[in-house]
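These values consider heavy atoms only, across backbone and side chains, with no hydrogens, waters or symmetry-generated copies.
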Amino acid sequence: MTNEQEDALYDFLDSTKEPFTLKDAAFACKSVDSARMGHLKGEIADIFISRRIVFPVNNTKWLSRYGYFYDSKFIISPSRLELVNGILIAGHRCVPFANPFVMPHDYHFFWKDKEIESTTTEGAPEEFYPFFSIFGEEYAPQYIARDNSENEMAFNQIPGEDPNEVSIKTLDMRKVYRESFFEPGDMFLVTIRDWKNAAFDLQRIKKDFYPQAKLEQWQKNAEAAFFRSFESVGPTLTTEVQIAWSYYFGGEEIKSLPAYSLETLLFEKTDKICITAFGLESRFWFAGKEIPDYNQIEGLRTQTDETPIERMLISHNIPISEYVIQAYVKDALFRNDTNIKSIAERIAPPSYNLNLWNQDFLSAYIVNEINDTAHRYSIFKDQKTGPVRQQAAELHTAVITLAARLSKGEIDRSLLPKHTFIVLSQIQVYCAGILEDIDIESIPTEVELNAIENSMENMIDIFEELRELIDKSREHFRRNNIFLVKDDTDKKKSVRTIQLSIGGTDIWRRINIPVKIKLSELKKIILVAFKWSGLLGYRWFFEYSKDPSFKNDNLNLLESKTISALVSLCINEFTFEYGRHWTVKIIIQPCTDTNVDKIICAAGEGASPPETIEGPLRLRRFVNALSCDNVNEKAIAEKELGADFNSQSFNIDECNKILGSI
């Protein structure tokens with residue numbers, strides 16, 4: 001699909017209210033560019049399925065986001081900060097009811113049929129991040145940076161560090177608040193005025209306007225809709241897409257009023273949904289549970305109607321488009337190195353083991369692309385973008401090479417760093433996006449190039465750190481395979497390392513234990529490691545075990561099992577669920593410490609959470625409240641956590657002293 005066709009497709013979706021077919025969408029694309037007509041319907045379906053930007057109606061028809069949300073109403077609850085300053089920050093407030101391709105600072109709001117004027121508000125970036133967190137905490141700085149060019153330059157000045165102050169576009173609400181006698185707790189009922197241009201009408205409603213019982217029922221329906229979305233479409237490409245699909249699964253029960261505002265639901269009311277790590281990003285997920293990792297790198301495209309070269313590469317788990325291959329060819333011209341074998345090995349590294357026929361097929365494709373591109377290519381025009389493309393291509397090759405090695409099973413997957421394949425996929429998609437988008441004829445601005453280069457440096461650092469962790473894991477795996485064939489008296493064989501991670505948090509402990517320990521004893525170790533009393537109910541959960549004796553409801557039989565028995569059955573991962581709100585993921589690893597002869601904690605991070613707190617989401621809210629200016633919220637947090645609670649602190653000596661008493 002050409003850029004012109006893709007633009008036409010999105011214009012079509014922004015103006016089509018009724019269900020439509022792929023033929024309808026393809027006709028809209030054809031009207032601006034008739035290229036690739038043989039593949040157009042398939043490529044459109046590919047975009048719909050991979051990006052989740054439309055909803056299915058039946059086997060032949062689709063419904064656009066505009067068609068689903070155009071007549072909806074929703075709630076915005078202004079914060080005290082906004083009321084005190086007479087402003088309203090659009091931020092994430094209109095998700096999922098706003099056109100996702102319009103930035104929040106370009107929204108338009110109307111009060112009594114007159115557009116509300118905008119103003120600017122200055123402050124430290126962290127003051128504004130909470131208003132963009134539904135997009136993902138990692139993306140909040142980007143939304144603020146894109147508000148204006150001054151912010152963008154300020155964020156790019158020192159990569160990885162926030163500027164001291166930024167300025168964002170806000171609504172001047174002083175007249176509205178004054179005219180409507182707006183009080184803390186009051187809300188705005190919002191109606192979509194113009195989907196394509198993200199325009200909205202505001203109407204004030206009192207804080208007690210909706211019956212509490214109906215709001216509680218809406219919350220239950222919304223939670224059920226989110227759960228169905230998680231189970232049906234997974235973490236998706238963005239949090240915003242996740243939320244749109246949750247409203248789709250919830251239907252009129254959550255799309256209609258009465259309702260809480262989305263941020264009130266997610267950050268104040270529910271304890272069943274929380275923001276969870278998803279590789280380099282975050283998504284909403286079941287509270288206390290991790291998002292499962294991939295089994296290999298997964299690109300953005302699902303390739304429903306691939307070209308022959310794409311189909312061949314995807315069959316070898318190389319999820320790239322023709323445009324990425326063409327970028328590699330341009331990179332070769334920029335390098336002045338058009339050796340066909342060299343280019344082919346950058347696209348499909350030798351570790352993928354392409355057979356001779358596929359190697360020849362790829363080489364022939366590259367030759368054709370060089371012949372087609374060389375006469376149009378100008379190295380002088382490519383001086384600014386060429387180095388960026390080259391860096392992206394080198395990182396892309398490094399990522400897919402590492403992924404190929406890991407996919408061969410050279411290392412026990414339980415030893416890999418958390419979300420290894422998700423992180424690799426995200427870096428691969430990022431690099432592929434740069435390779436597809438960089439155009440010699442349309443050179444990015446200096447600010448845009450600086451932003452790409454800074455982001456690329458960050459990706460390289462992340463990749464190098466991940467590769468270093470993987471190398472350490474490979475060394476542990478190699479050592480473990482060596483000592484497994486040694487004499488039974490080898491002390492290493494009688495000791496294992498267990499990694500304990502509390503779901504939905506960054507709190508973990510790494511403890512060396514004898515393999516003869518039973519699960520009943522492991523339970524005591526877990527409780528001690530996290531300073532829990534053991535008064536709450538618990539259960540073990542073995543998701544992947546095929547052994548019938550590992551039924552999750554047979555507690556007595558389970559607790560007689562030893563760590564050694566689990567290892568012999570290749571059970572390296574399982575879960576300890578404590579109370580209604582806490583989940584501990586357990587990974588059994590090799591132990592490389594030859595001097596271990598007792599239970600000892602080797603490492604850990606994060607303060608133990610009080611078991612009385614209702615899960616990771618509540619914990620995060622209380623921790624944030626400790627550093628906020630709201631005296632009441634801070635007092636409640638100190639009561640729940642303790643006045644001296646430090647979420648980052650972990651005393652390994654204290655932990656070992658308690659473990660020594662077991």
Side-chain angles (χ1 to χ4, degrees), residues 1 6 36 39-40 42-53 233-238 241 278-281 283 291-331 343-355 358-359 361-363 365-366 369 389 391-409 413 416 419-438 456 459 462-463 466-467 470:
M1 178 177 289
E6 190 164 336
R36 294 176 65 85
H39 295 279
L40 195 53
E43 290 183 348
I44 292 171
D46 172 35
I47 290 175
F48 289 173
I49 294 170
S50 63
R51 301 182 189 179
R52 305 283 185 185
I53 58 174
V233 298
T236 69
L237 289 177
T238 65
V241 172
F278 181 63
L280 305 177
E281 303 174 3
R283 295 289 186 273
I291 300 175
D293 198 358
Y294 300 147
N295 293 317
Q296 60 188 40
I297 58 168
E298 297 187 6
L300 179 64
R301 298 168 59 86
T302 56
Q303 308 296 338
T304 57
D305 188 29
E306 314 96 336
T307 61
I309 190 69
E310 290 172 340
R311 190 178 305 116
M312 184 275 287
L313 290 172
I314 199 68
S315 69
H316 288 84
N317 296 327
I318 307 176
I320 60 176
S321 68
E322 282 187 305
Y323 301 112
V324 171
I325 304 172
Q326 292 161 10
Y328 271 100
V329 169
K330 291 176 184 175
D331 178 52
I343 301 171
E345 289 185 351
R346 288 202 289 272
I347 296 169
S351 47
Y352 280 93
N353 295 322
L354 268 62
N355 60 38
N358 285 335
Q359 290 178 31
F361 182 37
L362 177 58
S363 297
Y365 184 90
I366 293 170
E369 282 300 318
R389 185 193 302 108
Q391 196 174 40
E394 289 175 350
L395 180 56
H396 188 274
T397 299
V399 167
I400 61 176
T401 299
L402 179 59
R405 289 169 57 198
L406 295 178
S407 296
K408 290 180 178 179
R413 289 181 61 85
L416 291 175
H419 284 177
T420 291
F421 282 97
I422 290 175
V423 173
L424 291 176
S425 294
Q426 289 167 343
I427 299 175
Q428 185 269 326
V429 167
Y430 173 80
C431 292
I434 290 178
L435 293 173
E436 287 185 349
D437 294 342
I438 285 184
M456 182 68 68
M459 288 291 175
I462 291 169
F463 175 73
L466 179 63
R467 184 160 59 181
I470 291 170

Notebook entry, point to check: Between the side chain of Tyr352 and the main-chain N/O of Ile400, is any donor-acceptor distance below 3.5 Å?
Noted result: yes

Check: Where do Ala348 and Leu362 come nearest, in terms of heavy atoms and distance?
Finding: CB-CD2, 4.0 Å

Item checked: Interatomic distance, Ile320 atom CD1 to Ile325 atom CD1 [nearest 0.5 angstrom] -> 5.0 Å

Notebook entry, point to check: Rounded to the nearest 0.5 Å, how far does CD1 of Ile347 lie from NE2 of His396?
Noted result: 9.5 Å

Next item on the list: Check Ile422 against Pro292 and note the closest heavy-atom contact, atom names and distance.
Entry: CD1-O, 3.6 Å

Check: Any side-chain heavy atom of Asp331 within less than 4.5 Å of one from Glu394?
Finding: no

Next item on the list: Give a yes or no on whether the backbone of Thr420 and the side-chain of Asp293 come within a donor-acceptor separation of less than 3.5 Å.
Entry: yes

Note to self: Minimum heavy-atom separation for Pro319 and Gln428, please, with both atom names.
What the structure shows: O-NE2, 3.6 Å

Notebook entry, point to check: To the nearest 0.5 Å, what is the distance between CG (Asn358) and NE2 (His316)?
Noted result: 5.0 Å

Item checked: Result of checking Gln326, Glu436, Glu310 against Ser321 for side chain to side chain donor-acceptor pair (under 3.5 Å) -> Glu436

Check: How about Ser407 and Phe421: do any of their side-chain heavy atoms sit closer than 4.5 Å?
Finding: yes

Check: Is Leu280 close to Ile427 at the side-chain level, that is, under 4.5 Å between some pair of heavy atoms?
Finding: yes

Check: Looking only at heavy atoms, which two atoms of Gly279 and Val423 are closest? And how far apart?
Finding: CA-CG2, 3.6 Å

Check: Distance-only, no hydrogens or angles: does the Arg283 side chain make a donor-acceptor pair with backbone N or O of Phe278 under 3.5 Å?
Finding: no

Notebook entry, point to check: Roughly how far apart are Ile47 CD1 and Glu6 CD, rounded to 0.5 Å?
Noted result: 4.5 Å

Check: Going by heavy atoms in the side chains, are Phe463 and Leu402 under 4.5 Å from each other?
Finding: yes

Check: Would you say Glu369's side chain and Val329's backbone share a donor-acceptor pair under 3.5 angstrom?
Finding: no

Notebook entry, point to check: Is any side-chain heavy atom of Ile434 closer than 4.5 Å to a side-chain heavy atom of Arg389?
Noted result: no

Notebook entry, point to check: Checking Thr397 side chain against Arg346 main chain: does a donor-acceptor pair fall under 3.5 Å?
Noted result: yes

Check: What distance separates Thr401 OG1 from Glu345 CD, expressed to the nearest 0.5 Å?
Finding: 10.0 Å

Item checked: Where Leu435 and Ala393 come nearest, the two heavy atoms and their spacing -> CD2-N, 3.9 Å

Item checked: Gap separating the CG atom of Leu354 from the OG atom of Ser363, nearest 0.5 angstrom -> 9.5 Å

Margin query: Using every non-hydrogen atom in the two residues, find where Leu237 and Arg51 come nearest and quote the distance to one decimal.
Written below: CD1-CA, 3.5 Å

